[in-house]
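To keep things clear, I will list the structure first and then write my remarks on it.
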Amino acid sequence: MALLYSATLFSSAFLLFSVQPMVGKFLLPLLGGSPQVWNTCMVFFQALLLFGYLYAHALARYVPARHQGRVHLLILALACACLLGAGQPNPAAAMRAGDSPVIWILGTLLRWVGLPVFLLAATSPLLQLWYARTGGKKPRDPYFLYGASNLGSLLALLSYPLVLEPAFTLSRQRTLWNAGYLALAAALAAIAATKHAVSHATKLPPARPIPKLRLARWVLLAFVPSSLLLGVTSYLSTDIAPVPLLWVLPLAIYLMTFIAAARGLTPSTVNKIARALALAALCAICALSTSFDFPEMLLVILHLTLFLLAATLCHGLLLNSRPPASQLTIFYLCVALGGVLGGIFNTLVAPLLFSTLAEYPLAIVLAVGLRPGRVQPSSLRARSLDLAYAGAVGLCFVLLQRLGANASWLPQHLHNVINLGLPALLCLRVSARHFRFALALASLYICSTLIATTGQDILARQRSFFGSLLVNLDLKTKTNLLFHGRTLHGAQSQLPASRREPLSYYSRLGPVADILAYAPHRSDVAVVGLGTGSMAAYARATESWTFYEINAQVIAIAKNPGFFTFLRDASAVADIQIELGDARLRLQQQADASLDVLIVDAFGSDSIPVHLITREAVELYWRKLRPDGLLAFHISNRFLELSRALGPLATATGAKAFHRVQRLDSTTNALAFVMPSHWLVMARTKATLNRFAADPRWPAVENSTSARVWSDDYFNLLALLRIW
C-alpha cells in the first residue's frame, strides 16, 4: 500500500509540474510578452492548487469516508472527459485579447486544463488522508508521502527543460501528458475502490481544535518562502545574471527544502539554520544596497544560499508543527493559502505598490523575524527601543554616505566598505534579538535604496508587469541611461554637441549603421522594440518609421524630452509612429509587401520572446517585407548564441544570413557608453545582400544541417547557451 500510494503521488506531482511550462508555451506564440504570460500562468496554478486543497478538506470533513472514493471517481471521470475533449486555444480570440490578455489567459486555462489540474492538486492531501485510514502504526503519520510528492515535482521541473523540451514537440508533449494522466486516473480508481480507502476505512482518533493563531502562523510560514521564491528569481534573472532557465534553480531549492523538512528538523538543526540565516540576510541586504557591487557569481551563490536557509527554516517550522492525520487537510489548505498569497503579492500587488523589487528584501526581513528564539519582552518600551535602534542604524548609514561623498579621494571599494561596515556591525550586534534585528535590516535597506549611488542621479524609477525601469543621469559623462534591471536599454548624451548621436548598441561605428547603409531601399522601416528610441536617430527625411513596443512605460520614457529626445528630434524630419502591443500581433495588421527594412530588437535580457524567432514568425516577416526587403536581428546576449536558431530559420525560409560582431577597440573605447553588439541580417534575394557579402566584417552564418528549425511547436533555449 505504501508503494502504491507513493507511486501515485509521485506521478500526480510530476504531471502537475510538467503541465505548467507546457501550457505556457502553447499560449506564448498567441499572446507574446513572456513575463505577462508566465506570471499569469503561475498565479492560475497556485490558485487552482488552493481550490484543490479546499476540495480535499471539504470532502474529508463533510462526506462520509465510505462515499469519498465514489465522489472522487465521479470528478476523475469528468476530468478525463475534459482532457480528451479539450481543444487548442483559439488564435482569433487571442488576437482580440491582445491588449489586456490576463482575463483571457485565465479563462482559457480554466476551460482547457482547469478540471484535470484541479484533480491533480487535490490528490496529495486526499491520498495522504486515505492512507492514514488504512490502519496500522505507520499510516498514522502519512506525511512521508509529501516527500514523494515533492520528489515528483522536482524531477518534473528538472526533466522538462533538460529532457522533454529538447526531445519532443509541444504536440507530442501534450499526447504523452494525456497518456500519463489516464494512467494516473487508473491508479486513482484502483485506490478509491479498495476497501482500505472506502468501505473499511479506519476511523482516526479525534484531535483538539486548532487555535486560529496557529492557523495564521501556518499561512505565514508558507507565504514567506513563496514570496521569496518569486523575489529571488526576479532579482537574479533581471538584476544580476539574465540567464534563461535560471528560474529552475530557486524552484528546485524550494521543492528540495520541502523534501528535507518532511523528515523533520531537530531543534539544534533549526537553531543552526537560524544563526546562518541571520548572517546570510545581513550580507544580502548589504549586496542589495545601491552603493555596493559584488561579482555576479558571488551574488548568485549568496542569494541562493539565503533562499535555501530561509525556505528550509520556514518549511521545517511548518512541518514540525503539523497536526495529527485527522487534521491533515486543514494543514495543507493553510499551506496552499500561504503559497497563493505569496504569488499574488509578488505578481499582482507588488508592481502596484513598489517602484523597485522591494518585495524581495521585505520577504527577507519577514524570514529573519520568523526565526525561533527565546521570548523577548513585548512592552511598549521594548518596542520603542527596537524602533530607536533601527533608526540609529539608518542614520549611521546616511551620515557615512554624506561624509563619503565629500571624501572623493577615497577609492570606491574602500568607501563602500566604510559606508556599510559600521551599520552592518550594528545589525549583527543584535542578531539574537529577532524583532530588533529585522527592523535594523529593514532600516539599512530603505536608507540605501533612497540614497543614490555616488556619481548617479536617479531621474525616474518605474515598475510594471514587465519589470523595473530606471532612468539615471551619469554625472561624470552627462549621459542619460535607461536600465531594465541591470540591462542597459539605451543611452543619450546631454551635451549639445553629442545629443543626436546614438550610443550603447546603436553607435554609428557599429553593425546597425551598416545595416541601414547597405539596405537597397529604406523608405519604410519597422523596428520591434523601442528602448530609448535610439534607432530613430538614423531616420531620414521622407522616411516612415514604425516602432512596436509592448511596455507602455517604455514608450512614455522614450517620448519624455526630459529623459531622451531621439523620437522628438526624428519626428522633425521623418514620419515616426509607435504601436503599443506585441509586435507579432501588430504586424499581422500591417499591409503585405509594405516594408523595406524590418529590425527585430527584443532579445537583450533574460525574457527571450522566442515567439519572435520561430518559423511562423519569420514567414510573417517575409510577407510584410517587399521582395528585396532586408530582415535584421539584434542578437547581443551574454548567455545565448541566437544565431544558432536564426541560421536554420533563414535556410528553411529560403534566405541567406550574414552577421557581424562589434568588439570594443581603441576608437570605441574613447566613446562613453558605446557597447559591443552582435547583429544578424537575412534576405531572400542575392542583390539585397551584395554589400554585406563584400564586407569582410560580415561573414555568412554557418548553418548546421543537423540543427532543428524552431517553430511555434518546438523551440529549445538550452541549445543556445554559450556553454555548449
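For reference, positions follow the sequence shown, starting with 1.
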Legend entry - Approximate separation, where rounding is to 0.5 Å, of Thr653 OG1 and Glu616 CD: 11.5 Å
Inset, instruction - Check whether any side-chain N or O of Arg586 sits under 3.5 Å from a backbone N or O of Glu579 as a donor-acceptor pair, and report yes or no. - result: no
Inset, instruction - List for me each residue that meets side-chain hydrogen bond (donor to acceptor under 3.5 Å, both in side chains) alongside Asn560, sequence neighbours excluded, and say none if there are none. - result: none
Legend entry - Test item: Thr233 and Leu251 side chains (from C-beta on) under 4.5 Å apart, heavy atoms: no
Inset, instruction - Please lay out, stage by stage, how Tyr505 and Asp601 fare under the test side-chain contact (heavy atoms from CB on, under 4.5 Å). - result: CA-CA 10 Å; Tyr505 310 104; Asp601 179 19; over 6 Å; no
Legend entry - Nearest heavy-atom neighbours spanning Met682 and Leu680: CE-CD2, 3.8 Å
Legend entry - Plane angle bin for Trp679 and Tyr506 - parallel if under 30°, tilted between 30 and 60°, otherwise perpendicular: perpendicular
Inset, instruction - Would you indicate whether the side-chain heavy atoms of His678 and Leu642 approach each other to under 4.5 Å? - result: no
Inset, instruction - With sequence neighbours left out, write down each residue that passes side chain to side chain contact (heavy atoms under 4.5 Å, CB included) with Asp575, or none if nothing qualifies. - result: Ser544, Gln577
Legend entry - Centroid-centroid distance, Phe658 to Trp698, less than 6.0 Å: no
Legend entry - Distance, nearest 0.5 Å, that separates CD1 of Ile344 from CD of Gln46: 7.5 Å
Inset, instruction - Mark yes or no for whether Tyr621, through its side chain, and Leu612, through its backbone, hold a donor-acceptor pair below 3.5 Å. - result: yes
Inset, instruction - Working to the nearest 0.5 Å, report the span between OG1 of Thr169 and CG of Asp712. - result: 12.0 Å
Inset, instruction - Enter the distance from Leu164:CG to Leu158:CG here, rounded to the nearest 0.5 Å. - result: 11.0 Å
Legend entry - Side-chain heavy atoms of Arg660 within contact of Asp695, under 4.5 Å: no
Inset, instruction - To the nearest 0.5 angstrom, please state how far the CD1 atom of Ile613 sits from the CD1 atom of Ile635. - result: 9.0 Å
Inset, instruction - Over 60° means perpendicular and under 30° means parallel, so classify the ring planes of Phe692 and Tyr518, tilted if in between. - result: perpendicular
Inset, instruction - Supply the atom-to-atom distance Leu48 CG to Leu119 CG, rounded to the nearest 0.5 angstrom. - result: 10.5 Å
Inset, instruction - Anything under 30° is parallel, anything over 60° is perpendicular, the rest tilted; go ahead and classify His489 against His484. - result: perpendicular
Legend entry - Crowding at NZ, Lys656 (>12 non-hydrogen neighbours, <6.0 Å): no
Inset, instruction - Please list all pairs passing the salt bridge (Lys or Arg N to Asp or Glu O under 4.0 Å) test where one or both residues lie in residues 673-693, with sequence neighbours left out. - result: none
Inset, instruction - Using a 4.5 Å cut-off on heavy atoms from C-beta on, say whether the side chain of Asp592 contacts that of Lys624. - result: yes
Inset, instruction - Work out which heavy atom in Ile555 is nearest to a heavy atom in Glu549; give both atom names and the distance. - result: CG1-CG, 3.7 Å
Inset, instruction - Using atom types as modelled and distance alone, determine if a side-chain donor or acceptor of Asn480 lies under 3.5 Å from a backbone N or O of Phe564. - result: no
Legend entry - Ser677 and Gln662: side chain donor to acceptor below 3.5 Å: yes
Inset, instruction - Walk me through it: do Glu543 and Tyr538 pass the test side chain to side chain donor-acceptor pair (under 3.5 Å)? - result: CA-CA 10 Å; Glu543 291 181 352; Tyr538 290 94; over 6 Å; no
Legend entry - Closest non-hydrogen atom pair, Leu630 against Ala683: CD1-CB, 4.3 Å
Inset, instruction - Taking Asp628 for its side chain and Thr688 for its backbone only, find out whether a donor-acceptor pair lies under 3.5 Å. - result: no
Legend entry - Candidate pair Ile599 and Met535, rule side-chain contact (heavy atoms from CB on, under 4.5 Å), full reasoning: CA-CA 10 Å; Ile599 299 173; Met535 290 291 300; 3.3 Å; yes
Inset, instruction - Write down the atom of Leu488, the atom of Ser504, and the distance for their closest heavy-atom approach. - result: CD2-CB, 4.1 Å
Inset, instruction - List in chain and number order the residues that pass side chain to side chain contact (heavy atoms under 4.5 Å, CB included) with Ser12, two or more places apart in sequence or in another chain; answer none if no residue qualifies. - result: Leu120, Thr123, Leu184
Inset, instruction - Taking salt bridge (charged side-chain N to carboxylate O under 4.0 Å, His left out) as the test, write out the residues that go with Arg568, two or more places apart. - result: none
Report, one line per pair, each donor and acceptor closer than 3.5 Å where one atom sits in a side chain of residues 523-533; sequence neighbours left out.
residue	atom	partner	partner atom	Å
Ser523	OG	Asp596	OD2	2.7
Asp524	OD2	Arg626	NH1	3.4
Asp524	OD2	Arg626	NH2	3.3
Thr532	OG1	Ser534	OG	2.7

Inset, instruction - Inspect the surroundings of CZ in Arg500 and state if more than 12 heavy atoms from other residues, nucleotides or ligands are less than 6.0 Å away. - result: no
Inset, instruction - For the residue pair Phe45 and Val19, establish whether any side-chain heavy-atom pair is separated by less than 4.5 Å. - result: yes
Legend entry - Close side-chain approach of Met22 to Val113, heavy-atom, < 4.5 Å: no
Inset, instruction - Could you pull out all residues at least two apart from Ser11 that satisfy side-chain hydrogen bond (donor to acceptor under 3.5 Å, both in side chains)? - result: none
Legend entry - Any residue meeting side-chain hydrogen bond (donor to acceptor under 3.5 Å, both in side chains) with Asp569, in chain and number order, not counting sequence neighbours: Thr565
Legend entry - Flag, side chain of Gln462 to backbone of Leu469, donor-acceptor distance under 3.5 Å: no
Inset, instruction - Could you list the residues that satisfy salt bridge (charged side-chain N to carboxylate O under 4.0 Å, His left out) with Glu501, not counting sequence neighbours? - result: Arg508
Legend entry - Within 6.0 angstrom of Arg697 CZ, more than 12 heavy atoms from elsewhere: yes
Inset, instruction - Quick one: which residue pairs count as a ring pair (Phe, Tyr, Trp, His ring centres under 6.0 Å) with a foot in residues 578-600, not counting sequence neighbours? - result: none
Inset, instruction - Output all residues satisfying side chain to side chain contact (heavy atoms under 4.5 Å, CB included) with Leu110, sequence neighbours left out; order by chain, then residue number. - result: Phe44
Inset, instruction - State whether the side chain of Tyr181 and the backbone N or O of Leu176 hold a donor-acceptor pair below 3.5 Å, judged by distance alone. - result: no
Legend entry - Note, Cys80 side chain near Leu182 side chain (heavy atom, < 4.5 Å): yes
Inset, instruction - List in chain and number order the residues that pass side chain to side chain contact (heavy atoms under 4.5 Å, CB included) with Ala652, two or more places apart in sequence or in another chain; answer none if no residue qualifies. - result: Arg615, Val709
Legend entry - Shortest non-hydrogen contact between Glu165 and Tyr714, atoms and distance: O-CE1, 3.4 Å
Legend entry - For the student: nearest non-hydrogen atoms of Gly629 and Trp622, plus distance: O-CZ3, 4.3 Å
Legend entry - Leu115 and Leu78, any side-chain heavy atoms less than 4.5 Å apart: yes
